[in-house]
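Have a look at the structure below, then the notes.
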Amino acid sequence: MSSVRSHRRSVISEAVAPWGDIARLLRGGEAGTLLPVIIPKHRRRLWWMLPLWAGGYALLSGVMLTLKESGSDGLGGMAAGALATLSYVVGVLLLVIGGLWWWRSSIVEIEQGTHGVLTRYGAVVRTLDAGRHYLWHPWSRVDFVVDTATEIPYSAPVMACPTQENVPLRSIEFFLKFRITDAVLFVRTIGAGNFDLVLSSAVQDAIRQRARRVRTERAYDLRGSDVADMQDLLNRQLDRYGVRITGCNIPDVQLPAQYQQHLATREQVAKEHTAYEQEWGLIRKRRIDSLGMDIERAKKIRDARIVEVRAALNRAREEVAQLLERQETEAQRVRFEIETRGRSGLIAAENEARAQQALAKAYRDNRAVLQYELARRRLEVGSRLAGKAPRPVVVRTDGGTDTSALSTLFTAQLLPRLTSGDRAPNGSAFLSAEDGGHDQR
C-alpha cells in the first residue's frame with residue numbers, strides 16, 4: 001500500500017467497490033487515503049432462480065401434456081405430444097441456464113494477502129482465505145475484504161507539542177507501520193473510519209507524553225530515538241481491535257524560530273569545533289608521524305649499537321675462550337706435573353713402606369729371638385734362685401696337745417738365724433717335738 005505524502009496526516013478509511021477494483025484499491029489506496037478494508041459490490045441476485053422456476057414449470061407442463069396425449073387420439077394427441085416435447089426441451093434448457101447462472105454467481109475469488117468476512121443472514125460465519133471459493137447458499141455473501149498481510153504505513157504529525165519547559169514545538173513527525181491480525185475483530189469492533197480517529201488520538205497522546213520529558217534544546221534528539229516503549233503502549237491500546245504495530249520511529253522534529261536560530265548557532269559552533277578537532281587531528285597526526293620517524297631512527301641507532309655490542313661481545317667471548325684454553329692448557333700442565341710428583345712421592349712412599357715393613361718383620365724376628373733368650377735367661381735365673389732358696393723348717397707338734405713355752409721360745413730364736421745365716425745346699429731343718437727341739441742335719 002502506498003504511503004501518503006510527508007508532513008500530512010494519513011487517513012484510513014474503507015470503500016465500496018466492485019470485485020475487479022478490490023486489488024487496485026487495497027494496494028494503491030484512493031486520493032491519498034489508506035483503504036485496508038473494501039466492501040465489495042455483490043453481483044449475487046436472485047435472478048438465477050427465474051430460469052429454474054421457469055424450467056420447472058416447463059417440465060411440469062410437459063408432463064401434463066404427455067398425460068393429455070395418452071388420453072386423447074387423433075390430431076389433438078399429436079399436438080399435445082409436440083407441445084410436451086417442446087416443453088421438455090425448454091424446461092431442460094432453462095434448468096441448465098439457471099444452474100450455470102447459479103454456479104457462476106456463487107464463485108468468489110479472494111485476493112492474495114487478504115481475508116474475506118463471510119456472513120449469512122447478516123451474521124459472521126467465518127473468514128475466507130485467499131483463493132477461489134463457492135458460496136452455494138443463496139443468502140451467503142462476503143461483506144468485507146480485509147488486507148491482513150500488508151504492513152500499512154501511517155504518518156501522524158503532531159502540531160504545537162509542548163516540551164518540558166512548556167515551549168510548543170512546531171511539529172513532530174511520527175511514522176508507524178501496522179498490520180491487521182484479526183479481520184473479523186477489526187471490522188466488527190471498530191471499522192476503518194473509526195480506527196483512523198483512535199489511532200490518531202493514541203499517537204498524539206504518546207508523542208505528547210514523550211515530548212513532555214524532553215528539554216527544548218535537546219528536542220532534535222527525538223529524531224531517530226528509541227520508541228520501543230511507545231510501540232508497546234500503542235500495541236496494548238490497539239490489541240483489542242485486532243491490530244498490531246510492527247514498527248515506528250520519529251523521522252523529523254521542527255522547532256520554533258528562535259530555537260532554530262539558537263540551534264543554528266550551536267551547529268555553527270559544533271562545526272567550528274569539528275574543524276578545530278580535525279585541525280588538531282592533523283597536527284597530532286604530523287606530530288605522531290614525526291615522533292614515529294624519530295622512534296624509527298632511534299630504533300636504527302639502537303640496532304646498530306646492538307650489532308656493535310654483539311660484535312664486541314663475540315670478540316670478548318673469543319678472547320675469553322682463548323684465555324680459558326690457555327688457562328686450561330696451563331692447568332693441565334700443572335696437573336701433569338703434580339701427578340708426576342705425586343706418582344714419584346707415591347712410589348718413594350711405597351718403597352719406604354716396603355722397607356719399613358721388612359724392617360718391622362726383622363724386628364718381629366729379633367723380638368722372637370729376644371723373647372726366647374729372655375725366657376731362657378728367666379729359666380736360668382729361676383734355677384739359680386731355686387738353688388739358693390731357703391730350706392723349709394717344719395715344726396712338728398703332737399696333735400691334740402698344747403705347744404710348750406720352751407718350744408715356742410726356741411723356735412722364735414732359731415728362725416731369724418735360719419733365715420739370715422748360711423744355709424746348707426740342698427738341706428732341710430726339721431724341728432720336731434719328738435726330737436726335743438734339736439737340729440738334725
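- Taking the side chain as every heavy atom from C-beta outward, Thr148 and Thr181 never approach each other to under 4.5 Å.
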What donor-acceptor contacts under 3.5 angstrom involve side-chain atoms of residues 194-208, with partners at least two apart or in another chain?
| unit_1 | atom_1 | unit_2 | atom_2 | d |
| --- | --- | --- | --- | --- |
| Asn194 | ND2 | Ile190 | O | 3.1 |
| Asp196 | OD1 | Arg9 | NH1 | 3.3 |
| Asp196 | OD1 | Ile12 | N | 3.1 |
| Asp196 | OD2 | Arg9 | NH1 | 3.3 |
| Asp196 | OD2 | Arg9 | NH2 | 3.4 |
| Ser201 | OG | Leu197 | O | 3.0 |
| Gln204 | OE1 | Arg208 | NH2 | 3.4 |
| Asp205 | OD2 | Gln209 | NE2 | 3.0 |
| Arg208 | NH1 | Ala160 | O | 3.3 |
| Arg208 | NH2 | Met159 | O | 3.2 |

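- Summarising the geometry of Arg179 relative to Thr246, their closest heavy-atom pair is CB-CG2, 4.4 Å, with the distance given to 0.1 Å.
- Here the CG-CD distance, from Asp232 to Gln237, works out to 11.5 Å after rounding to the nearest 0.5 Å.
- Proximity of Leu222 to Ile172: side-chain heavy atoms (C-beta onward) are separated by under 4.5 Å at one or more points.
- If you run side-chain contact (heavy atoms from CB on, under 4.5 Å) between Pro36 and each of Ile152, Thr114, Val187, only Ile152 comes through.
- Not one N or O on the side chain of Ser290 forms a donor-acceptor pair closer than 3.5 Å with the backbone of Arg286.
- A salt bridge does not link Glu319 to Arg315: none of the charged side-chain nitrogens sits closer than 4.0 Å to a carboxylate oxygen.
- The line from NZ of Lys177 to CD of Glu151 is 4.5 Å long, rounded to the nearest 0.5 Å.
- More than 12 heavy atoms of other residues, nucleotides or ligands shown are found within 6.0 angstrom of CZ on Arg376.
- Between the side chain of Thr189 and the backbone N or O of Phe186, no donor-acceptor pair lies under 3.5 Å.
- No side-chain donor-acceptor contact under 3.5 Å links Asn249 to the backbone of Pro251.
- Between Pro153 and Leu34, the shortest heavy-atom contact is O-CD1, 3.1 Å.
- Phe174 and Leu176 make their closest contact through CE2-CD2, 3.5 Å (heavy atoms, listed as atom of the first residue, atom of the second, distance).
- The side-chain contact (heavy atoms from CB on, under 4.5 Å) test applied to Arg343 returns Glu339, not counting sequence neighbours.
- Annotation: side chain of Val253 is not in contact with side chain of Glu173 (no heavy-atom distance under 4.5 Å).
- Remark: Leu234 CG to Arg244 CZ distance equals 11.0 Å, nearest 0.5 Å.
- Within the 4.5 Å cutoff, the side chain of Val117 has no heavy atoms near those of the Val142 side chain.
- Shown here is Glu325, whose CD atom has no more than 12 heavy atoms of other residues, nucleotides or ligands within 6.0 Å.
- Two residues are said to be in side-chain contact when any heavy atoms from C-beta on lie closer than 4.5 Å; Met293 and Glu296 fail this criterion.
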Task: Candidate pair Thr163 and Arg212, rule side-chain contact (heavy atoms from CB on, under 4.5 Å), full reasoning - done: CA-CA 5 Å; Thr163 60; Arg212 275 295 185 182; over 6 Å; no
Open item on the list: Under the criterion salt bridge (Lys or Arg N to Asp or Glu O under 4.0 Å), I'd like the reasoning laid out for Lys285 against Asp289: C-alpha separation, chi angles, the key distance, then a yes or no.
Closed with: CA-CA 6 Å; Lys285 186 176 182 302; Asp289 294 339; 3.3 Å; yes
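- The shortest side-chain heavy-atom distance between Val158 and Ser171 does not fall under the 4.5 Å cut-off.
- Among residues two or more places apart in sequence or in another chain, the side-chain contact (heavy atoms from CB on, under 4.5 Å) test is passed with Ile338 by Val334, Arg341.
- Cys161 and Ala211 get closest at one heavy-atom pair: SG-CB, 3.2 Å.
- Side-chain N or O atoms of Asn235 include one that pairs as donor or acceptor with a backbone N or O of Ile245 at under 3.5 Å.
- By the neighbour-count criterion of 12 heavy atoms within 6.0 Å, atom CD of Glu352 is sparsely surrounded, having that number or fewer from other residues, nucleotides or ligands.
- Under 3.5 Å, the side chains of His115 and Thr127 contain no donor-acceptor pair of N or O atoms.
- How far CG of Leu346 is from CG of Asn351: 9.5 Å, rounded to the nearest 0.5 Å.
- Although no hydrogens or angles enter the test, the distance criterion places a donor-acceptor pair under 3.5 Å between the side chain of Ser10 and the main chain of Ser155.
- The 12-atom threshold is exceeded at CD of Glu337, counting heavy atoms of other residues, nucleotides or ligands nearer than 6.0 Å.
- Side-chain contact between Arg310 and Val307: absent, with no pair of heavy atoms (C-beta onward) separated by less than 4.5 Å.
- How far CG of Leu313 is from CD of Glu308: 13.5 Å, rounded to the nearest 0.5 Å.
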- [ ] Check the pair Arg210 / Asp229 against salt bridge (Lys or Arg N to Asp or Glu O under 4.0 Å), numbers first and verdict last.
- [x] CA-CA 10 Å; Arg210 172 58 65 88; Asp229 55 341; 2.6 Å; yes
- [ ] Could you walk me through whether Val227 and Gln231 pass the side-chain contact (heavy atoms from CB on, under 4.5 Å) test, one step at a time?
- [x] CA-CA 6 Å; Val227 291; Gln231 181 175 346; 5.7 Å; no
- [ ] Under the side-chain contact (heavy atoms from CB on, under 4.5 Å) rule, what do Ile39 and Phe144 come out as? Steps first, then yes or no, please.
- [x] CA-CA 5 Å; Ile39 301 174; Phe144 303 96; 3.8 Å; yes
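- For the atom pair Leu324 CG and Arg326 CZ, the distance stands at 9.5 Å (nearest 0.5 Å).
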Task: Trace of the side-chain contact (heavy atoms from CB on, under 4.5 Å) decision for Glu279 with Tyr276 - done: CA-CA 5 Å; Glu279 184 179 0; Tyr276 287 143; 4.0 Å; yes
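- Side-chain contact between Phe175 and Cys248 is absent, with no heavy-atom pair separated by less than 4.5 Å.
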